[in-house]
Structures are given as structure tokens and as C-alpha cells.
Asks: 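Here it is, the structure, as C-alpha cells.
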Amino acid sequence: MAEFDLDASFIPALHKPAALLPIAKHRESLLYVVETYPITIVIGQTGSGKTTQIPQFLEGAGWCSEGQIIGVTQPRRVAATTVAVRVAEEAGCEIGKEVGYSIRFDDVTSSATRIKFLTDGLLIREALVDPLLSRYSVIMVDEAHERSISTDILLGLLKKIRKKRPKLRIIVSSATLQAGEFLKFFTYSSDEQAPKEDVEKKNDIAKIVSLEGRTYPIDILYLESPAENYLEKAIDTVFDIHTQEGEGDILVFLTGREEIDDALQAISERAAQAGSRYGAIQPLPLYAGLSTEQQMYIFDKPPEGTRKVIFSTNIAEASVTIDGIVYVIDSGFVKLRAYSPTTGIESLTASPVSKASASQRAGRAGRTKPGKCFRLYTEHYFEALPEANAPELQRSNLAPVVLQLKALGIDNVVRFDFLSPPPSELMSKALELLYALGALDEYAKLTRPLGFRMAELAVEPMMAKTLLSAQSFGCLSEILIIAAMTSLGGSVWFYHDGEQKRMESSRRKFAAEEGDHLTLLNVYTAFVTTGKKESHFCHDNHLNYKSMTRAVSIRRQLKRYLERFNIAVDESFKGDTSKKAEQIRRCLTSGNFAHAARMQPDGTYRNVEGGTVLHAHPSSLMFNRKANWVVFHEVMETGEKTFIRDITKIEKGWLLEYAPEFYKETDTRS
DNA sequence: AACAACTGC
């Protein structure tokens, strides 16, 4: 008999058969718990198969009879789509048939769909139309421990819905740490005192189920004494691993772009010094601001004998998964957003990670074989870290949240059953702004039609107000574009290392005297007229193609909403915006009056109260131009400075004209 | 002279 080569005859299975996953042996008990208890809290480690298997178990057990469907929510779009595709493959059906997904701009479901993956934000939007989410027999909230704003709101809604629909089954998937908190939340009403004794006993509402994971062991190593500079220590550690440890790629967690660029440079310099004594090293950056192509390099196999070292922000903690990582280096820091209700200013500062984050980061080392995690801090320091970060709801601007809750019919937002109630100052600040914008009346009820319409538009309240005023200013088609462009959140431009100058000169080509909003309008206009035909347009002008196509989708969607409100959009597109510029600036003032500032002789800005020093962000046209009064889209504090972004020149008198109530007490002459 | 990461039929 001829010898045959195993490797040539067999190819590895694309996916592990479901029966081999550890979850398979829990099938019966899981189904029993879901049948018996309204709420199941699933503690599932990475690789347990919970997200892919549980929906299929439920479907097989008849939870989709009578035309009802199983919904599985994810905090991120990519997760919703990739998991859906995998489950469809396992189930042997075409995606969009029995198994489908639905995310903004991309609904791949049909009347045949029985298992539907969707973002949690989208399920909340569905509740606007179908308040009891009556199509769903089971809703599984995945990754609930991440505690995103949408997840938290959804959990509060589901608790409320369950009282009216006792048949609804809720599955909450969580990391070990927070399972008890979810259990308590669903077992007792908010005004009820949880008893001292073990909540899990004698509980017929909720039950915790633990599933073992399938990861390889990871050695955790700490520093003996604290590092003076974690960036230098990270570089040292990379070279120590490279020279002393076996094969495998390295993932380094840092806090932001600047640090990552510094690290890349340091690695290249040191590798050049070391010459060819060791194997080659290939340093790569990973952060959200990179274009799609640049992000793809991290998935490429490095040349033979070369070790890949990826320097990443928190994006690699849960959003992007890279195979082949054997070593993780954890700086112990992450940039976290916070919001001050007194100043209304968001801040973004490097803070120590939580224990939950640190263990998630370490887990990235054990996906394909046993790994090691080097923590650039002491074990003592680790012990002192918080268990988890404060949920996003407790450190954000709540104006969009309040607007959404009101639209869902929750008038008394302060008494809404939050998993973790936000501080009352955050609530008051949000209510004040919404009142000033006219979305709420003096009884804090959503106004008709303005408030209801603002809630339906998928842009922030100030921009929603601007958009809904645009028709009366005669610049609706322009504001529609500006709303789409500003909601991209600054990802319009991008540049490679050392290309800043060239990027700025291409930005000047689109510059409008009046400021950033009109410049964004020019960029969009150029993109849809010439850019879509010429494939090099975006590349040549340092524009992010993905962001630009997204702006096109957002604009189209906003337009559809306006048409539903019977607001007709004049499509005739005028390249010349000069005549309309003043109307656009006035319109921007009518929605953004709470974001006004005046330039000082030293070139910095002060807000109207005068207390806060604001700097034009270097990415703004107004960075090195003169102005008097301006309105801006965003304000953010980073490190020592507070920056404003997307800035447009206005007249002081317009503030009093469009927001007399807001400014009557304040002296704007100063 | 500089921006963590998400998201909305």
C-alpha cells in the first residue's frame, strides 16, 4: 500500500463540531434552567461556546414555535455579524434565512429568521416600535459584564418588560465577577431591600449557570518593584522575551496612539543596534484611528523567523482578536472617558486598569497554546486595583439616554430601574440641556413633535435640534451632510507617520473661511461628486474611505427619518455654498448654543461663563486662525488641556436671538 | 501642536 502524507490528505476542520465543545454536556441542564427560571445568568469563559451554542439549543428545544424568535444582543457590530455567520454555517443554512443578523445599515434577516443576532442599541430602537419586544421568546444579552450604556439600558427595559410578559425568557451572559450583581438586580425590585442571606437560595426567578472555558494555561508574571517608566519597561520586556523565550507573537497593551508610535520607533532603533544576532522583529501598531488596510497588517503571517510584536490600545482587549499571540505585556493603564456634570466637559485620561480588564488582557495570550502575561506592575499593586471600572452610565453625558428613555415611555427617568443608578447631578444636567433645547417641557415631558423627533434621530441631541431647525433656515440639505460628517467623530482624516504636513495641505484644499462645519460640507461634496468615481481620491487627500462611505449611509438614513416627519429635503445639490453660509452658521447656533465660546487676545477661548480655558484642537481649521465668537461640536479634556473640535464662527447676537432663555442671566459682553 | 473604545432599522 502506498504511503500517504497525513498533512496532504487532511485539512483541519474550519469549526469544532458542537459536540466537542464543553458546553455540549450542559445542554439538558441549561434547557431545564431556561424552562424553569425566567432569568438565566450564564457565566461562560472564553471558548465555552455560549454565544454560538445556546441559541441553537433553544431553537432545537422549540423556543421558536408560534413564529417567535430568539434574539442575541452584542455590544459591537462586528461581533453580531461574525457570530451570526458562524452559527449559520454550523446550522447549515444560508445567512439571513433561519439564522440572521441585524445592525445599523445592514439587516440580513427574513421572515424565515428564527435566531437573530443584533447590537443591543438596535434592540432598544426596536422597543420604540414594539415596547414589549413581543416577537422574541428569548433574549440573550451577551457580554453584559462590559456594562456599556446600551446594555445597561436594555437590562432595565427587559426587567420592566418581564413584568408584563412573564413568558419572556432572559439570558444574561456575564463574567464571573458580576454574576451576583445581575442576580440581585433581577430578583428584587429597586425599592425592595435585598435580604442578607444568600440570594441564590430559594430564588425562583433567576439562576446562575457556570460553563467551563477552553483556554490554555497562562503564567502571570509581576514586577518585583514598580517600573519608573512603563513604556521603557515594555520595550525592555519585548527584547527579553525575544532573546530568551520560545516562539510566539507578542501583544503589548498601551494607552494611545502617541505612546504606540513612540514604542514603534524605540523598537526599530534598538533592533537596528542589535543587528542580526537574534531573529528579526516586526513591530506593528493597532488602534481604531488606523485605516482598515493598516489594521489588516496585524493578521498577516510574519516572514519566516520573524517575531510579530503588536502595540495596541484597548481595542485588542475585546474588539479585535489576534491568533498566535503567546506573550502579553500589560502596561496596567487604559484611557477612560469621564464626564463632569458641573462643567459639561468630557475628559479622556490614562487610568489604572481594573482587575477584570487585566485578566481579559492576560487571556489574549492563551488562545492557541499555553502563554505568558508580563504585568508591568507589582502583585501588590494588582491587588489594590478596582474589581471593575464604573459602568459607562455613571460617567457619561446622559442627555441622549434621557431622551431615549422618555421616548420609550419612561417619564420618570430618575426612578427607572438602573442596574447601577447614575449620580443625580448627571441626570439634572441632562434634563436641563434637553429643556433648553425644547425637547422637554416644564413638566419634563417629551414635547411633540420636537422632542419625539429628536429621540428618533440617531444623532446627539444638539445636532438633532440643529437638523430639525434647518428647514426654517433654508439649509436642510447642507445641515444633513454636516450632521452625518460630525457624527463620524473625527475619523475623517488620517495620515501615516511623518505625513502630517501633507495631510494638512490636503485639508486646506477643502477649507472654508467660516470654520470646520463648512469645511466638512466641502469634503463631503467633493467625495460624492468626484471621489466616488476616482478610487485614489480618498488616498490622495488623506481621507478615510470607510468613514466617508459611512457618512453617505448616515446622511441617507437621516434623510429617510426627516421624510417620515414630512420634512422634505431639497435634493438639488449646489456646489456653491457661499450664499448659504450665514444661514448654516445661524442654524448651527440654534442647536449648539450651549457650546459657545469667545476667543481671547492670547488665542485661547473661554466658554460663556468664562471659567474654562478652551483650546482649538490642532485638527481644527481654527487652530491658527482668528475668530471672535464660535460654536463647536465637541469639547474634551485630555491631560492638561481642554480642546474644542469642529468649530464655526458665529455672531454674538445670534446666541441671544436663538437661546434667549439660556443666555438671559449671563452677561455675554465680557 | 494632538483623540480609549463602542454604538443608533
Side-chain angles (χ1 to χ4, degrees), chain A residues 73-80 101-109 116 118-130 143 146-151 153-154 253-261 286-290 312-320 331 333-338 346-351 353 357 389 392 395-396 400-401 403-404 407 455-460 463-464 484 487-495 500-501 503-504 550 553-554 556-558 560-561 564 603 615-620 623-624 634-646:
Chain A
T73 71
Q74 297 290 330
R76 282 171 291 278
R77 295 160 53 94
V78 262
Y101 66 84
S102 190
I103 58 177
R104 189 184 187 189
F105 307 130
D106 196 9
D107 180 14
V108 186
T109 60
K116 173 170 165 183
L118 69 173
T119 51
D120 35 26
L122 193 50
L123 188 60
I124 297 172
R125 310 274 307 188
E126 284 189 11
L128 281 174
V129 185
D130 175 11
E143 315 289 356
E146 288 186 19
R147 303 295 306 273
S148 73
I149 290 180
S150 299
T151 305
I153 294 175
L154 182 60
F253 283 100
L254 297 176
T255 65
R257 175 181 190 151
E258 203 181 348
E259 249 175 42
I260 290 170
D261 286 345
L286 176 62
Y287 46 84
L290 293 173
S312 172
T313 60
N314 226 30
I315 192 171
E317 194 179 296
S319 309
V320 175
S331 65
F333 284 90
V334 63
K335 274 191 188 168
L336 280 183
R337 203 174 58 180
E346 274 189 340
S347 61
L348 194 58
T349 42
S351 329
V353 288
S357 269
N389 290 120
E392 233 184 333
R395 48 185 171 89
S396 304
V401 174
L403 198 55
Q404 194 161 43
E456 279 204 58
L457 292 170
V459 287
E460 294 134 82
M463 192 45 88
S487 62
L488 296 174
S491 59
V492 177
W493 310 95
F494 78 88
Y495 54 89
Q500 285 97 323
K501 285 276 178 297
M503 188 268 283
E504 272 156 36
R550 193 173 159 81
S553 305
I554 297 172
R556 193 187 303 127
Q557 190 185 51
L558 292 173
R560 270 210 312 272
Y561 271 102
R564 264 211 343 240
H615 299 261
H617 192 274
S619 71
S620 169
F623 177 65
N624 44 21
E634 195 182 53
V635 51
M636 184 167 273
E637 185 192 330
T638 58
E640 295 126 52
K641 282 184 178 172
T642 304
F643 292 103
I644 52 177
R645 250 192 23 192
D646 294 341

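Each chain gets a letter, A, B and so on, in the order its sequence line appears, and its residues count up from 1.
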Asks: Categorize Ser148(A) for me: base, sugar-phosphate, or nothing, with a 4.0 angstrom heavy-atom threshold over every strand shown.
Replies: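 Touches nothing.
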Asks: Using the closest heavy atom to pick a nucleotide of DNA chain B for each, name whichever of Ser102(A) or Arg337(A) lands nearer the 5' end.
Replies: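 Nearest-nucleotide comparison on DNA chain B picks Arg337(A).
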Asks: Indicate yes or no for a side-chain donor-acceptor contact from Thr255(A) to the backbone of Lys335(A) under 3.5 Å, with no hydrogens or angles considered.
Replies: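 Between the backbone of Lys335(A) and the side chain of Thr255(A) there is no qualifying donor-acceptor contact (under 3.5 Å).
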Asks: In terms of side-chain heavy atoms of Thr313(A), which of dA5(B), dT7(B), dA1(B) is nearest?
Replies: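 It is dA5(B).
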Asks: Of the options dC6(B), dT7(B), dA4(B), whose atoms approach the side-chain atoms of Arg257(A) most closely?
Replies: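 Nearest nucleotide to the side chain: dA4(B).
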Asks: Check the distance between dA4(B)'s P and Glu259(A)'s CD and give it to me in whole angstrom.
Replies: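 That distance rounds to 9 Å.
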Asks: Expressed as a whole number of angstroms, how long is the span from Arg76(A):CZ to dA4(B):P?
Replies: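 Rounding to the nearest Å, CZ of Arg76(A) and P of dA4(B) are 18 Å apart.
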Asks: Report the distance from atom CD of Gln404(A) to atom P of dT7(B), rounded to the nearest whole Å.
Replies: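 Going from CD in Gln404(A) over to P in dT7(B) covers 15 Å.
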Asks: Can you identify which nucleotide, out of dA5(B), dG8(B), dT7(B), has its nearest atom closest to the Tyr287(A) side chain?
Replies: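 Nearest listed nucleotide: dA5(B).
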Asks: For Met463(A) and dG8(B), what is the distance between atoms CE and C1' respectively, to the nearest whole Å?
Replies: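 The answer, rounded to whole Å, is 16 Å.
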Asks: In whole angstroms, how far is the P atom of dT7(B) from the OH atom of Tyr101(A)?
Replies: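 Atom-to-atom, Tyr101(A) to dT7(B), this comes out as 14 Å.
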Asks: With respect to the side chain of Phe623(A), which nucleotide from dA2(B), dA1(B), dA4(B) is positioned closest?
Replies: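 Closest of the options to the side chain of Phe623(A): dA1(B).
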Asks: Taking the minimum atom-to-atom distance to the side chain of Leu348(A), which one of dA4(B), dA1(B), dC6(B) wins?
Replies: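 From the listed options, dA4(B) comes nearest.
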Asks: Is any side-chain heavy atom of Thr73(A) less than 4.5 Å from a side-chain heavy atom of Thr119(A)?
Replies: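 The answer is no, as the side chains (C-beta and beyond) never meet within the 4.5 Å cut-off.
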Asks: What is the distance from CZ of Arg104(A) to C1' of dC6(B), rounded to the nearest Å?
Replies: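 Result: 13 Å.
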Asks: Select one nucleotide: of dG8(B), dA2(B), dA5(B), the one nearest the side-chain heavy atoms of Phe643(A).
Replies: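 Within the option list, the nearest is dA2(B).
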Asks: The criterion is side-chain contact (heavy atoms from CB on, under 4.5 Å); which residues satisfy it with Phe623(A), sequence neighbours excluded?
Replies: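 Pro618(A).
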Asks: Measure CG/Leu154(A) against P/dG8(B) and give the value in whole Å, please.
Replies: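 My rounded result for the distance is 13 Å.
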Asks: Respond yes when some side-chain nitrogen or oxygen of Ser150(A) is under 4.0 Å from OP1 or OP2 of dC6(B), and no when none is.
Replies: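 So the side-chain polar atoms of Ser150(A) never come under 4.0 Å of the phosphate oxygens OP1 or OP2 of dC6(B).
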Asks: Pick the nucleotide of DNA chain B nearest each of Arg564(A) and Glu392(A); which residue has the one closer to the 5' end?
Replies: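 The residue mapped nearer the 5' terminus is Glu392(A).
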Asks: From dA1(B), dC6(B), dT7(B), pick the nucleotide closest to the side chain of Lys641(A)?
Replies: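 That would be dA1(B).
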Asks: Can you name the side-chain contact (heavy atoms from CB on, under 4.5 Å) partners of Thr313(A), sequence neighbours left out?
Replies: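 With neighbours one apart ignored, the set is Ile260(A), Tyr287(A), Ile315(A).
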Asks: Under a 4.5 Å cut-off applied to non-hydrogen side-chain atoms, are Gln557(A) and Arg104(A) in contact?
Replies: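 Yes; the side chains approach each other to less than 4.5 Å.
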Asks: Write down the distance between CZ (Arg395(A)) and P (dC6(B)), rounded to a whole number of angstrom.
Replies: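 The distance from CZ of Arg395(A) to P of dC6(B) comes to 14 Å, rounded to the nearest Å.
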